[in-house]
**Q** 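There's a structure below that I have some questions on.
Chain A is the first sequence line, chain B the second, and so forth, proteins listed ahead of strands; every chain is numbered from 1.
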Amino acid sequence: MSGDHGHGDSQVNSGSKGSDSHKHKDKHKDKEHRHKDHKKDKEREKFKHSNSDHKDHSEKKHRDKEKLKHSDGSSDRHREKHKEKDKDKEKRREEKSGYHTNSTRSLHLYASRSVTVSSVIRDTVIVNISVYRFEYKPKKVKTEHDKKAKKRKHEYEEDEEDEPKKKTKDKKGTEGKKSKKEEEEKWKWWEEERYTDGSKWRFLEHKGPVFAPPYEPLPDKVRFYYDGKPMKLSAPAEEVATFFAKMLDHEYTTKDIFRKNFYKDWRKEMTSEEKSKITDLNKCNFSDMNEYFKAQSEARKQMSKEEKLKIKEENERLLQEYGFCIMDNHKERIGNFRIEPPGLFRGRGDHPKMGMLKRRIRPEDIIINCSKDSKHPKPPPGTKWKEVRHDNKVTWLASWTENIQGSIKYIMLNPSSRIKGEKDWQKYETARRLKKCVDRIRAQYRDDWKSKEMRIRQRAVALYFIDKLALRAGNEKEEGETADTVGCCSLRVEHIKLYPKLDDQEYVVEFDFLGKDSIRYYNKIPVEKRVFKNLQLFLENKQPEDDLFDRLNTSILNKHLQELMDGLTAKVFRTYNASITLQQQLKELSCSDDSIPAKVLSYNRANRAVAILCNHQRAPPKTFEKSMQNLQTKIDEKQNQLSAARKQLKAAKADHKASHDDKSKKAVEVKRKAVQRIEEQLMKLQVQATDREENKQIALGTSKLNYLDPRISVAWCKKWAVPIEKIYNKTQREKFAWAIDMAEKDYEF
DNA sequence: CATTATACTTAGAAAATGGTAA
DNA sequence: TTACCATTTTCTAAGTATAATG
């Protein structure tokens, strides 16, 4: 079966779909209405036929019942109770041993497993570049966290040769030394016991967050003009005006909603005189302010080295003082120790609240979390914390409530910390457990497509989409509070189109909706007949703005999944399918004869396959075209160099033929080497160009960081003798230290 | 049951950094 | 040295999941 992933057509950040959100105003009402219609009709929901045959007439009967349901009675949605009552929320301890058992599996197992992620990249043409091959001497893979890392300076240097850019000698030197020194203190939390009582820590001490610097009024020469006349603003009004002025070049400031929201909140900061004077945003001229800020940032760039160094040192000091905490005897890096500064809210997509004022956070807004027996952080002089609590069932150090959505923001640890790492590891172990039972689960949902209960069919079809297409769960969202985006369970009728026949394919479903971050998901995919028929059924008597799965939500789905496997939720499918795809693609694409750059390209292509599956898109970089051109220029130059070098080689050979002396022989060798070197360089450039072109609209980072079991990558690096640095940068190596330390070359996901 | 609150993961854009070519 | 550019880091919005509440 092959489907068209169709991402070629897809549009990044398309806001076009959100524009009809007004249509959904009555959605909830409608839904409720529908519930009621269903209530007394539970029996009718059952199908008489067992449905082993799927003849049209049986579908027809079903439709008739549905019609009945839509016209009377009341709701039974969500009524079916899960009889199996809450199995104990026992923590899953067995996971810890997971990798030990698996790491002993041999390579042939790796090769014989058949993966059934049907949807995955069937048609993303991934061709290994076998053209580029040349000699490669196996080297020891380096890992900073390896015990032996200390002795490895020499190898380090060898490895660096692969990367044309990193040739500076002292960089190598310092990096080598640094990793030696730090490595001695590296704590292998993954070799320790975990808490089993639900507590996250025993001891927690930190210095509290760093607040945004206070507002500095503009110099008098920087003017704000209203209706063409200069006007001095009060400090609070001026501050908010600067937020807008700083964004003048951004498209946001041209959007009606943004301007409206900004203006409304700005007025709240104005004095009564200002309020009465300023009555129209269109008469406000911020361009002088805007230019001032541009000049400022220009000046910052032009600062002398010393000044820059001073700033850097100050930042370093702040980091040292506030950027770490002590958690259970270990110093751990904090992720975001700076409180978000005030500004204008930048929602993504068609966000109804864009432009609203994000207010300044004060100590009085902050809840501190730390252990009782720690030195509590001091609030800035003359201020107080909102609260100091000691809750070791949570991982955050500080929190505050944000004023746009009223949600809570947290200060938490860096991904390299034990507390994040353990959780990450556990996530992949859950996904690996899914691997063991995914066949069973798939069989079950296929079976459920035939269920006599509507809710079961919907659940089964939704799960099929989540599994096959790696869709997100799709929680309900409050209308009007956020951009209109959906996931699987919240898909609406308007988001899919059914084609009984399309070109030469049957039963094609076209998806077109905005997902998380208002990234468009567009895909045309053939599905099984039974799925198709079910979808037709779900669409009966519905308006475009009605829910496709009106008897399903994420809570119902996840409760069901929990019964199928401990710890199973919708998002586990994404993790599982992403990781298994990487593993499978790596196996398919890797070629031992390839050079390191070619291998890395293969890795990136496997990574890309996953990113496409998960629909991780990015706006093509503004400078993309130019940067491709630059690269092409380099390639052309290199080609010229090559032909020149070849000519020289030829000449040298001729010379040698004539003279047959030692000197000319040497010259030939020298030229031959030169040609070889240039060929390699050219190859590298070409690989780079290919990689970049393929990556134009695809973001690899998200999947690499959040979906791919790092042990797969580490194992691959070991197996093919690719230095881990080619795959993970420093930050990523810190985050995945546990995987780098524990995974061997035969690790299997 | 439905709704709301809470905690934590996942996400792309923008800013900062730092190496390299001019 | 500077300007440019790719890569890395930071930022914080936007999801998921589930517990608490009514």
Side-chain angles (χ1 to χ4, degrees), chain A residues 12-13 32 35 75 77-81 86 89 163-168 171 200 247 250 297 300-302 305 308 311-312 315 335-341 343 345-349 351 353-354 358 369 391 393-396 399 401-402 404-410 412-415 419-420 423-424 427 472-478 481-483 485-490 515-519 553-555 557-559 561-562 567-572 574-575 614-619 621-624 626-627 630-631 633-634 688 692 698-699 701-703 705-707 729-732:
Chain A
V12 175
N13 281 345
E32 219 167 84
H35 293 184
S75 162
R77 189 183 178 199
H78 312 162
R79 186 146 44 75
E80 296 292 324
K81 292 258 166 69
D86 306 16
K89 292 288 154 70
E163 206 123 275
K165 315 168 248 188
K166 293 186 184 169
K167 277 269 165 77
T168 355
K171 204 221 158 197
K200 306 292 169 66
M247 293 178 74
H250 204 289
S297 77
R300 224 171 302 128
K301 267 191 257 170
Q302 300 301 327
K305 256 193 195 136
K308 279 184 181 165
I311 291 173
K312 209 175 159 187
N315 277 330
N336 55 329
F337 59 95
R338 287 170 203 272
I339 299 233
E340 296 171 18
F345 176 73
R346 298 153 87 115
R348 290 150 185 254
H351 197 116
K353 300 195 171 182
M354 63 167 79
K358 219 171 79 159
N369 193 32
D391 182 356
K393 300 278 190 271
V394 297
T395 67
W396 51 269
S399 73
T401 302
E402 153 266 358
I404 305 288
Q405 322 269 358
S407 64
I408 309 172
K409 301 257 186 164
Y410 301 93
M412 290 185 187
L413 297 193
N414 193 65
I419 212 153
K420 293 288 185 194
K423 199 83 185 296
D424 205 37
K427 173 180 77 187
R472 294 186 184 83
N475 283 319
E476 285 115 308
K477 313 163 71 189
E478 209 176 330
E481 297 291 301
T482 61
T485 62
V486 297
C488 186
C489 294
S490 49
K516 183 177 181 180
D517 293 316
S518 293
I519 297 289
N553 61 36
T554 54
S555 170
L557 180 62
N558 280 335
K559 257 176 209 134
L561 292 175
Q562 187 59 236
L568 187 61
T569 64
K571 85 198 251 298
V572 178
R574 251 167 101 82
T575 312
C614 295
N615 200 37
H616 290 143
Q617 301 189 43
R618 60 167 184 179
K622 291 230 172 358
T623 55
F624 185 83
K626 200 162 92 191
S627 112
N630 287 347
L631 204 51
T633 314
K634 274 192 195 169
Q688 206 186 347
R692 191 177 299 176
I698 305 191
T702 303
S703 49
L705 234 51
N706 301 299
Y707 288 102
N729 68 30
K730 185 163 150 279
T731 316
Q732 294 164 340

**Q** Closest nucleotide of DNA chain C for A:G487 versus for A:N729: which of these residues is on the 5' side?
**A**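 Closest to the 5' end, via its nearest nucleotide, is A:N729.
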
**Q** Is the distance from OP1 or OP2 of B:dG12 to the nearest side-chain N or O of A:T702 less than 4.0 Å?
**A**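 For A:T702, the contact criterion (side-chain N or O under 4.0 Å from OP1 or OP2 of B:dG12) is met.
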
**Q** With a 4.0 Å cutoff (strictly under), does any side-chain N or O of A:K420 reach OP1 or OP2 of B:dT9?
**A**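 A:K420 to B:dT9 OP1/OP2: side-chain N or O found under 4.0 Å.
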
**Q** I'd like to know if the side chain of A:K516 and the backbone of A:R472 have a donor-acceptor N/O pair within less than 3.5 Å.
**A**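 Side chain of A:K516 to backbone of A:R472: no pair is present.
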
**Q** Give a yes/no on whether any side-chain N or O of A:K409 is located under 4.0 angstrom from OP1 or OP2 of C:dA13.
**A**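 The answer is yes; a side-chain N or O of A:K409 sits under 4.0 Å from OP1 or OP2.
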
**Q** Taking atom P of C:dC11 as reference, at what distance in whole Å does atom CZ of A:R348 sit?
**A**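 Rounded to whole Å, this separation is 15 Å.
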
**Q** Picking from B:dA7, C:dA17, C:dT12, which would you name as closest to the side chain of A:P341?
**A**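 For the A:P341 side chain, the nearest candidate turns out to be C:dT12.
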
**Q** Restricting to side-chain contact (heavy atoms from CB on, under 4.5 Å), what partner residues turn up for A:C489, sequence neighbours left out?
**A**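 For A:C489, the residues satisfying side-chain contact (heavy atoms from CB on, under 4.5 Å) (neighbours in sequence not counted) are A:L552, A:T554, A:L557.
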
**Q** Starting from P on C:dT10, measure out to CG on A:N315 and report it in whole angstrom.
**A**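 Value for this atom pair: 10 Å.
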
**Q** Report which part of the nucleic acid A:G701 touches: base, sugar-phosphate, or nothing (heavy-atom distance under 4.0 Å, all strands).
**A**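 A:G701: no heavy atom of the nucleic acid under 4.0 Å.
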
**Q** Without decimals, in angstroms, what is the distance between A:L413 CG and B:dT9 P?
**A**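 In whole Å, B:dT9 P lies 10 Å from A:L413 CG.
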
**Q** Think A:N336 has a side-chain N or O under 4.0 angstrom from the OP1 or OP2 of C:dC11?
**A**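 So the side chain of A:N336 is outside the cut-off, no N or O lying under 4.0 Å from OP1 or OP2 of C:dC11.
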
**Q** What nucleic acid atoms does A:K516 come within less than 4.0 Å of, heavy atoms only: base, sugar-phosphate, or nothing?
**A**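 Since a base atom lies under 4.0 Å of A:K516, the category is base.
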
**Q** Round to a whole Å and report the spacing from CZ of A:F345 to C1' of C:dA14.
**A**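 The distance from CZ of A:F345 to C1' of C:dA14 comes to 9 Å, rounded to the nearest Å.
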
**Q** May I ask you to evaluate whether A:H351 reaches the phosphate of C:dA13, defined as a side-chain N or O under 4.0 Å from OP1 or OP2?
**A**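 It does not, given that no N or O in the side chain of A:H351 lies less than 4.0 Å from OP1 or OP2 of C:dA13.
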
**Q** Going by the rule salt bridge (Lys or Arg N to Asp or Glu O under 4.0 Å), which residues pair with A:E340 if we only count those two or more places apart in sequence or in a different chain?
**A**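 Checked A:E340 against salt bridge (Lys or Arg N to Asp or Glu O under 4.0 Å); matches are A:K358, A:K409.
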
**Q** Please answer whether the main-chain N or O of A:K420 pairs with a side-chain N or O of A:D424 as donor and acceptor at a distance below 3.5 Å.
**A**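 Not at all, since once roles are kept as given, no pair shorter than 3.5 Å links the two residues.
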
**Q** Indicate, yes or no, whether a donor-acceptor pair under 3.5 Å links the base of C:dT8 to the side chain of A:K730.
**A**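 Check fails, no donor-acceptor contact within cut-off.
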
**Q** Using the side-chain heavy atoms of A:R472, tell me which of these nucleotides is nearest: B:dA11, C:dC11, B:dC8.
**A**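 The answer is B:dA11, which lies nearest to the side chain.
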
**Q** Within the pair A:T485 and C:dG15, is there a side-chain N or O less than 4.0 Å away from OP1 or OP2?
**A**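 Result: yes.
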
**Q** Sequence neighbours excluded, which residues qualify as ring-ring contact (aromatic ring centres under 6.0 Å, His included) partners of A:Y707?
**A**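 Expected list: A:H616.
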
**Q** Roughly, in whole Å, what's the span from CG in A:N475 to C1' in B:dT4?
**A**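 My rounded result for the distance is 13 Å.
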
**Q** To the nearest Å, how far apart are A:L561 CG and C:dA17 C1'?
**A**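 About 12 Å, once rounded to whole Å.
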
**Q** Take the protein atom CZ of A:F337 and the nucleotide atom C1' of C:dC11, then report the distance between them rounded to whole Å.
**A**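 My rounded result for the distance is 12 Å.
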
**Q** Strictly distance-based, threshold 3.5 Å: is any side-chain N or O of A:Q405 a donor or acceptor partner for the main-chain N or O of A:S407?
**A**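 Absent.
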
**Q** Among B:dC8, C:dT16, C:dT12, which is the nearest nucleotide to the side chain of A:E340?
**A**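 The answer is C:dT12, which lies nearest to the side chain.
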
**Q** What integer distance in Å separates A:I408:CD1 from C:dA13:C1'?
**A**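 Going from CD1 in A:I408 over to C1' in C:dA13 covers 16 Å.
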
**Q** With a cut-off of less than 4.0 Å, is there a side-chain N or O of A:H250 near OP1 or OP2 of B:dA14?
**A**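 Yes.
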
**Q** Go through the structure and list residues passing salt bridge (Lys or Arg N to Asp or Glu O under 4.0 Å) with A:K353, not counting sequence neighbours.
**A**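 Counting only residues at least two positions away or on another chain, A:K353 forms a salt bridge (Lys or Arg N to Asp or Glu O under 4.0 Å) with A:E481.
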
**Q** Does a side-chain N or O from A:T569 land closer than 4.0 Å to OP1 or OP2 of C:dA17, or not?
**A**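 For C:dA17, OP1/OP2 do have a side-chain N/O of A:T569 under 4.0 Å.
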
**Q** Does A:R346 have any salt bridge (Lys or Arg N to Asp or Glu O under 4.0 Å) partners at least two apart in sequence or in another chain, and if so, which?
**A**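 Checked A:R346 against salt bridge (Lys or Arg N to Asp or Glu O under 4.0 Å); zero matches.
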
**Q** Heavy atoms from C-beta onward define the side chain here; which of B:dA14, C:dT12, B:dA13 lies closest to that of A:R346?
**A**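 From the listed options, B:dA14 comes nearest.
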
**Q** Which part of the nucleic acid, if any, lies within contact of A:A570, taking any heavy atom under 4.0 Å across all strands shown: a base, the sugar-phosphate backbone alone, or nothing?
**A**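 Sugar-phosphate contact only - A:A570 comes under 4.0 Å of backbone atoms but never of a base.
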
**Q** For A:T554, report the nucleic acid contact type (base, sugar-phosphate, nothing); a contact means any heavy atom under 4.0 Å.
**A**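 Nothing, no heavy atom under 4.0 Å.
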
**Q** If you check the A:W396 side chain, which of B:dA14, B:dA7, B:dA11 turns out closest?
**A**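 Closest nucleotide to the A:W396 side chain: B:dA7.
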
**Q** Could you pick out which residue, A:V572 or A:I339, lies toward the 5' side of DNA chain C when each is mapped onto its nearest nucleotide?
**A**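 In this pair, the answer is A:I339.
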
**Q** For A:K312 and B:dT17, is the shortest distance between a side-chain N/O and OP1 or OP2 below 4.0 Å?
**A**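 For B:dT17, neither OP1 nor OP2 has a side-chain N or O of A:K312 closer than 4.0 Å.
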
**Q** Tell me whether the side-chain N/O atoms of A:Y707 come closer than 4.0 Å to OP1 or OP2 in B:dA11.
**A**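 For B:dA11, OP1 or OP2 has a side-chain N or O of A:Y707 closer than 4.0 Å.
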
**Q** Please answer whether the main-chain N or O of A:I519 pairs with a side-chain N or O of A:D517 as donor and acceptor at a distance below 3.5 Å.
**A**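 Side chain of A:D517 to backbone of A:I519, a donor-acceptor pair under 3.5 Å: no, none is there.
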
**Q** Determine: side-chain N/O of A:T482 to OP1/OP2 of C:dA13, distance under 4.0 Å, yes or no.
**A**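 For C:dA13, OP1/OP2 do not have a side-chain N/O of A:T482 under 4.0 Å.
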
**Q** Kindly say if A:K200 contacts the phosphate of B:dC8, meaning a side-chain N or O under 4.0 Å from OP1 or OP2.
**A**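 It does, given that an N or O in the side chain of A:K200 lies less than 4.0 Å from OP1 or OP2 of B:dC8.
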
**Q** For A:S407 and for A:K423, locate the closest nucleotide of DNA chain B by heavy-atom distance; then report the residue assigned to the nucleotide nearer the 5' terminus.
**A**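 On the 5' side of the pair lies A:S407.
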
**Q** Is there a side-chain polar atom (N or O) of A:K477 under 4.0 Å from OP1 or OP2 of C:dT16?
**A**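 Answer is no, no contact under 4.0 Å.
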
**Q** Between the protein and nucleotides 2-5 of chain C, which nitrogen or oxygen pairs are less than 3.5 angstrom apart?
**A**
residue, atom, partner, partner atom, Å
C:dC5, OP2, A:K626, NZ, 3.2

**Q** Using a heavy-atom cut-off of 4.0 Å across all strands, would you classify A:K358 as base, sugar-phosphate, or nothing?
**A**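 Sugar-phosphate: the residue A:K358, judged by heavy atoms under 4.0 Å, touches backbone atoms but no base.
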
**Q** Judged by atom type as modelled, is there a donor-acceptor pair below 3.5 Å linking the side chain of A:Q562 to the main-chain atoms of A:G567?
**A**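 Checking the backbone N and O of A:G567 against the side chain of A:Q562, a donor-acceptor pair under 3.5 Å is found.
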
